[in-house]
Amino acid sequence: MSNADMVARDLQVVWHPCTQMKDTERMPPIPIKRGEGVWLEDFEGNRYIDAVSSWWVNIFGHANPAINDRIKTQLDTLEHVMLAGFSHEPAVELAERLVEATPAGLTRAFYADNGSAAVEVALKMSFHYWRNTGHGEKTRFINLSNSYHGETLGALAVGDVDLYKKTYEPLLLKPLTARSPDCYEREPGVSWEEHSRAVFADMEALLAEYAHETCAVIVEPLLQCAGHMRMYHPVYLELLREACTRHGVHLIADEIAVGFGRTGTLFACEQAGPEGQPNGISPDFMCLSKGLTAGYLPLSVTMTTEDIYQAFYDDYANLSAFLHSHSYTGNPLACAAALATLEEFERLDQVNVNRRLAQHMADAVAPLKDHPNVGEVRQTGMVLAIEMVRDKATKTPFDWRERRGIEVYRHALTQGALLRPLGDVIYFMPPYVITPEQIAHLGQVAAEGIERAVST
């Protein structure tokens, strides 16, 4: 089977996600035959470093032996059973492990099968909690500008990226939107912390005016991934947790992309909180997916508190139960993959390893900080972003229709690297099994690609 053969078959039947299919006339999909570690290999033996972890999910490499073995063992025992009225050991054990691993106070795990579904669960559960506790007037949500939380209708509604949302506006609920603490927007000489503190005034004003009708605030802690990898200081989360508590509003932490070691701690929320509170803030809901199963199988979890759980614990006749379900809720194979993933974190001391790898990432792109067409090189843990601009001094962007980022992507493929851009933002979000040498190669490829892209 050649690449061309597979592409021809694909384009007859497959509609690819997040893709203008006409683009495949000049950029056909790359058919992958196998994966190993950081590498993806096509049908003709060409290999590519998966620098974006296959959409941020693959954290311990492709075909990881330990995860493979755990799934194979589970497959011989139980492949699936519905979780309504039934249970199984992998779902129970995983919930126990997540209660232990996530911030204090999150005592209940509600399973779904993808990140958007986890957000939908949190939104519905928050609204339903207030209804069950006699506050039916609470029907609204507050989000951040430039935020993204998924593409099912509820999750899409509480995002703020027009590219995904604008077409569907007539179908969506209308959130209140606070200014993002995005530190790319800070004034010269202002620190990340100073900027994030100052911007919080906008959120405080919204809470002061609308808390009585607001169910929850939803944020992606520390960085807005699909929002061009914009980043902010942990102090914003500290201020937000205090304000939500004071105003009687839930806090939803969307850690779908930023959890599981991606930001320098196991969960991004751990990095916020006052001195003397080393374990960070605790949200009312924490949405988890992506790295949860290390990219093996669809699974998500919405973690929440005992107080919220008890608001639904009632006699059946009162009809206050949370009636949300997915056919594959808590699938045993996916739970087994997640358990193996958590074991890999412990076995490899991965959070500490990631801190060393993050420094290699910073070193690999350090020369780009002075490039005349790089507006910013920013990093939070194992996420590094390079923003290309027309003018460095003013941060004037290129016209988005020029698609400069795609030129970097195309060059990277010729050099054995998968660098899928977000507009004109080139980013590294690699599996944690990447080596310093491979990181150095990505830095060189990115520099070459950027030079080509800005010269055309």
What distance do [X] atom [atom1] and [Y] atom [atom2] have between them, rounded to the nearest 0.5 Å?
X	Y	atom1	atom2	result
Phe428	Leu384	CZ	CG	6.5 Å
Thr380	Leu223	OG1	CG	5.5 Å
Glu44	Asp5	CD	CG	8.5 Å
Leu106	Phe267	CG	CZ	9.5 Å
Asp113	Leu299	CG	CG	8.0 Å
Leu292	Leu342	CG	CG	7.0 Å

Would [X] and [Y] count as having a side-chain donor-acceptor pair, cut-off 3.5 Å?
X	Y	result
Gln271	Thr265	yes
Gln438	Thr435	yes
His149	Glu220	no
Asp50	Ser54	yes
Ser191	Arg186	no
Thr152	Glu120	yes
Tyr48	Asp42	yes
Asp254	Tyr148	no
Glu407	Thr456	no
Ser53	Asn58	no
Gln224	Ser180	yes
Tyr427	Trp56	yes

Given Asp182, which partner from the list His195, His228, Arg230 fulfils the side chain to side chain donor-acceptor pair (under 3.5 Å) test?
Arg230
Would you call [X] and [Y] a salt bridge, using N to O less than 4.0 angstrom?
X	Y	value
Lys22	Glu25	no
Glu346	Arg97	yes
Arg70	Glu343	yes
Arg34	Glu41	yes
Asp23	Arg403	yes

[X], [atom1] atom: more than 12 neighbouring heavy atoms under 6.0 Å:
X	atom1	value
Trp400	CH2	no
Arg9	CZ	no
Arg452	CZ	no
Glu36	CD	no
Phe398	CZ	yes

Within 45° cone and under 6.0 Å: Arg140 NZ/CZ vs Tyr210 ring
yes
Taking [X] for the side chain and [Y] for the main chain, is one N or O donor matched with an acceptor at less than 3.5 Å?
X	Y	value
Ser196	Glu193	no
Gln379	Ala358	yes
Lys395	Glu376	no
Thr245	Arg241	yes
Asp284	Leu251	yes
Thr302	Ala118	yes
Arg378	Met229	yes
His247	Val249	no
Gln350	Gly261	no
Ser300	Asn114	yes

Using side-chain contact (heavy atoms from CB on, under 4.5 Å), reason through Val301 and Leu98 one step at a time and then give a plain yes or no.
CA-CA 9 Å; Val301 183; Leu98 289 173; 3.9 Å; yes
Ile252 and its side chain to side chain contact (heavy atoms under 4.5 Å, CB included) partner, picked from Leu123, Val217, Val119
Leu123
Report yes if some heavy atom in the side chain of Tyr111 is under 4.5 Å from a heavy atom in the side chain of Asn331; otherwise report no.
no
With side chains defined as the heavy atoms from C-beta onward, is the minimum distance between Pro29 and Val7 less than 4.5 Å?
yes
Can you label the angle between the Phe260 ring and the Phe345 ring as parallel, tilted or perpendicular, going by 30° and 60°?
tilted
Report the relative orientation of the aromatic rings in His326 and His324; use parallel for angles under 30°, tilted for 30 to 60°, perpendicular for over 60°.
tilted
Set out, in order, the CA-CA distance, both residues' side-chain angles and the distance that settles side-chain hydrogen bond (donor to acceptor under 3.5 Å, both in side chains) for Tyr296 and Asn68, then state yes or no.
CA-CA 9 Å; Tyr296 269 75; Asn68 286 358; 2.6 Å; yes
Show, in sequence, the C-alpha distance, side-chain angles and deciding distance for Arg246 and Glu204, and conclude whether the salt bridge (charged side-chain N to carboxylate O under 4.0 Å, His left out) test is met.
CA-CA 11 Å; Arg246 174 163 40 87; Glu204 178 65 50; 3.0 Å; yes
For salt bridge (charged side-chain N to carboxylate O under 4.0 Å, His left out), just list the numbers for Glu402 and Arg390, CA-CA rounded to whole Å, side-chain angles, deciding distance to a tenth of an Å, and then say yes or no.
CA-CA 11 Å; Glu402 296 172 359; Arg390 184 174 298 280; 2.9 Å; yes
Show the numbers, then the answer: is there a side-chain contact (heavy atoms from CB on, under 4.5 Å) between Met203 and Ile142?
CA-CA 9 Å; Met203 176 68 76; Ile142 298 176; 3.7 Å; yes
If you compare all heavy atoms of Tyr236 against all heavy atoms of Arg179, which two are closest, and at what distance to 0.1 Å?
OH-O, 4.1 Å
Could you tabulate the donor-acceptor pairs under 3.5 Å formed by side-chain atoms of residues 362-372, not counting sequence neighbours?
unit_1, atom_1, unit_2, atom_2, d
Asp363, OD1, Gln359, NE2, 2.9
His371, ND1, Asn373, N, 2.9
His371, NE2, Glu451, OE1, 2.9

Would you please test Tyr432 and Phe60 for side-chain contact (heavy atoms from CB on, under 4.5 Å) and show each step?
CA-CA 6 Å; Tyr432 304 157; Phe60 286 118; 4.3 Å; yes
Kindly indicate, with the supporting measurements, whether the criterion salt bridge (charged side-chain N to carboxylate O under 4.0 Å, His left out) is fulfilled by Arg347 and Glu344.
CA-CA 5 Å; Arg347 183 178 72 84; Glu344 287 293 271; 2.9 Å; yes
